[in-house]
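Everything below concerns the one structure shown next.
This one's a predicted model, so the numbers in the text were calculated from it and none came from an experiment. Proteins get letters first, then strands, A, B, ... in listed order; numbering begins at 1 in each.
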Number of protein chains: 2
Amino acid sequence: MHKRDREATRARLLEAARLRFAREGYDATSVRDIARDSGVDATLIFRYFGSKKQLFEQAAATDAPAGLFQGPEEELVARMVRTVVDHDWTEYGGEHPLVAMLRSSAHEDARLRIRTEVCDTYVNALRDLAAGEDAELRAELLSAWMVGIGILRSVVATPALTQASVADLAPHIATVATGLLGRPMSGTADQGDGPGPA
Amino acid sequence: MHKRDREATRARLLEAARLRFAREGYDATSVRDIARDSGVDATLIFRYFGSKKQLFEQAAATDAPAGLFQGPEEELVARMVRTVVDHDWTEYGGEHPLVAMLRSSAHEDARLRIRTEVCDTYVNALRDLAAGEDAELRAELLSAWMVGIGILRSVVATPALTQASVADLAPHIATVATGLLGRPMSGTADQGDGPGPA
DNA sequence: CCGTTAAGTCAGCGTTCGATGACTACAGAG
DNA sequence: CTCTGTAGTCATCGAACGCTGACTTAACGG
């Protein structure tokens, strides 16, 4: 039926797993679901990944969008927001992977992964920009805002935020980022992480 | 063994269900778990609530903390943040119910409940305070911030935010709330929702 | 054309899931 | 004390779960 290609099959399983785990969460996703989605026998999951949990760990692995840290410092927050609002996350069911993974946050492994990524790619970068005494706290408060924006947009689906474009958000991004970091910040990022809005 | 009291048994099941659903999410929680926690036979869950889903709906029902809307308008945001940071949510596993319910957000029912509560008790109240054209968007952005704070505190467990007190947060609350709502806002709320910090 | 190797399939294991119906035991009325 | 209604228990159902080992079949070098 299919051409026999180990790597291709592995990739299809990973892709289907990413989507399912993001959309439904770890517990509501069964290995049979993933296998059916990718048109592959379920037993291959254990052959290739060892267990459902190990498949999850590999499927949840994600790297920060390229170009996040390229460009003017004063546009960093705008680029981060663009990552949440504008980036193409169809691979993860249309949500930022961090937001999607909250659905599996009952498991310590997933929580640890979220913490690591939030700290490594968001808080740390923002802390370096913050002026004043409690730079860490300010950086975390700003990270919290962006996580919250992602949640209200895609999970809660609040009316205005769902329809808002990065342009609509720009002035408020400037206000909040400037206020929290204690230094002038721009609300727009000309070349954030790729071709921009489709 | 136990005294035969229908209402008390029902209440114990509800209490255990609240905790389990909050901590583990809907899918990772089994009716047998809930029954074991409350020292009650699992069959009674179906007798009293009909199904696991109906138990979830009753257990997830929550009302806004009393006193949220009492007090000066300029302290409303501070009172809301206090609801997230300072309120005693041990009944829901130590997290704000909205944050806990994100763990079950794969189910449309849960998502709808979250949306309703976010809009009804947070966005709507904040929109009335916002000055300017896009009041709805500003209100949602501020709500997103508070949701994000709850998540980074209890789910992601980011270092500074986890240890921060309402006093530490106060100046930043004032900054962000003032900036987003376009009118002067206080970062502290003297009598938010009860006895205050224990 | 054959034989080896690995990709893919199949039947099924032991367990747990949500849910059901028949049963037991206790409390209050007479 | 007995009757009766109901709170609580028991045995079990069929389906789905994660996972395993034995099997089949396609691809490829000789």
Discussion item. A side-chain contact here means heavy atoms from C-beta on lying under 4.5 Å apart; do B:Arg183 and B:Glu73 qualify?
Written reply: yes
Fill in: A:Ser104 (side chain) donor-acceptor with A:Tyr26 (main chain) under 3.5 angstrom
yes
All N/O pairs under 3.5 Å across the protein-nucleotides 27-29 of chain C interface:
none

Practice prompt. Could you check how far CG of B:Leu55 sits from P of C:dA19, rounded to whole Å?
Written response: 10 Å
Worksheet entry | Rounded distance (Å) that lies between atom P of D:dT6 and atom CG of B:Asp5 | 15 Å
Worksheet item: Between B:Leu13 (CG) and D:dT9 (P), how many Å, whole number?
Response: 11 Å
Worksheet entry | Toward the 5' end of DNA chain C, by each residue's nearest nucleotide, B:Lys53 or B:Arg47 | B:Lys53
Discussion item. Under a 4.0 Å threshold between the charged nitrogen and the carboxylate oxygen, would B:Asp134 count as salt-bridged to B:Arg138?
Written reply: yes
Worksheet item: Has the side chain of B:Thr43 got a donor or acceptor that lies under 3.5 Å from a partner of the other kind on the base of D:dC10?
Response: yes
Discussion item. Please report the distance, rounded to the nearest Å, between CD1 in B:Ile45 and C1' in D:dG8.
Written reply: 13 Å
Worksheet item: Quick one: which of D:dC10, C:dA7, D:dG18 gets closest to the side chain of A:Tyr48?
Response: C:dA7
Response to the item:
B:His107 NE2 to C:dG18 C1', in whole Å, measures 13 Å
Worksheet item: Rounded to the nearest Å, what distance is computed from the CG atom of residue B:Asp41 to the C1' atom of nucleotide D:dT6?
Response: 15 Å
Item to complete: Output all residues satisfying side chain to side chain contact (heavy atoms under 4.5 Å, CB included) with B:Ala139, sequence neighbours left out; order by chain, then residue number.
Response: B:Val123, B:Leu126, B:Arg127
Discussion item. If you assign B:Leu44 and A:Phe46 each to the DNA chain D nucleotide with the nearest heavy atom, which residue ends up on the more 5' nucleotide?
Written reply: B:Leu44
Practice prompt. May I ask you to decide if B:Glu57's main-chain N or O and B:Arg113's side chain share a donor-acceptor pair within less than 3.5 Å?
Written response: yes
Worksheet item: Counting only heavy atoms not in B:Gln58, do more than 12 fall under 6.0 Å of its CD?
Response: yes
Worksheet item: Crowded around B:Glu108 CD? As in, over 12 foreign heavy atoms under 6.0 Å?
Response: yes
Discussion item. Test your reading of the model: is there a side-chain donor-acceptor pair from A:Arg18 to the backbone of A:Pro97, 3.5 Å cut-off?
Written reply: no
Fill in: Nearest-Å distance for atom pair CZ/C1', residues A:Arg6 and C:dG8
11 Å
Practice prompt. Quickly work out the A:Phe49 CZ to D:dT20 C1' distance and round it to whole Å.
Written response: 18 Å
Worksheet entry | Side chains of B:Tyr48 and B:Leu55 in contact at under 4.5 Å (non-hydrogen atoms) | no
Practice prompt. Scan residues 17-30 of chain A against DNA chain D and write down, sorted by residue number, each residue with any heavy atom closer than 4.0 Å; if none is found, say none.
Written response: A:Thr29, A:Ser30
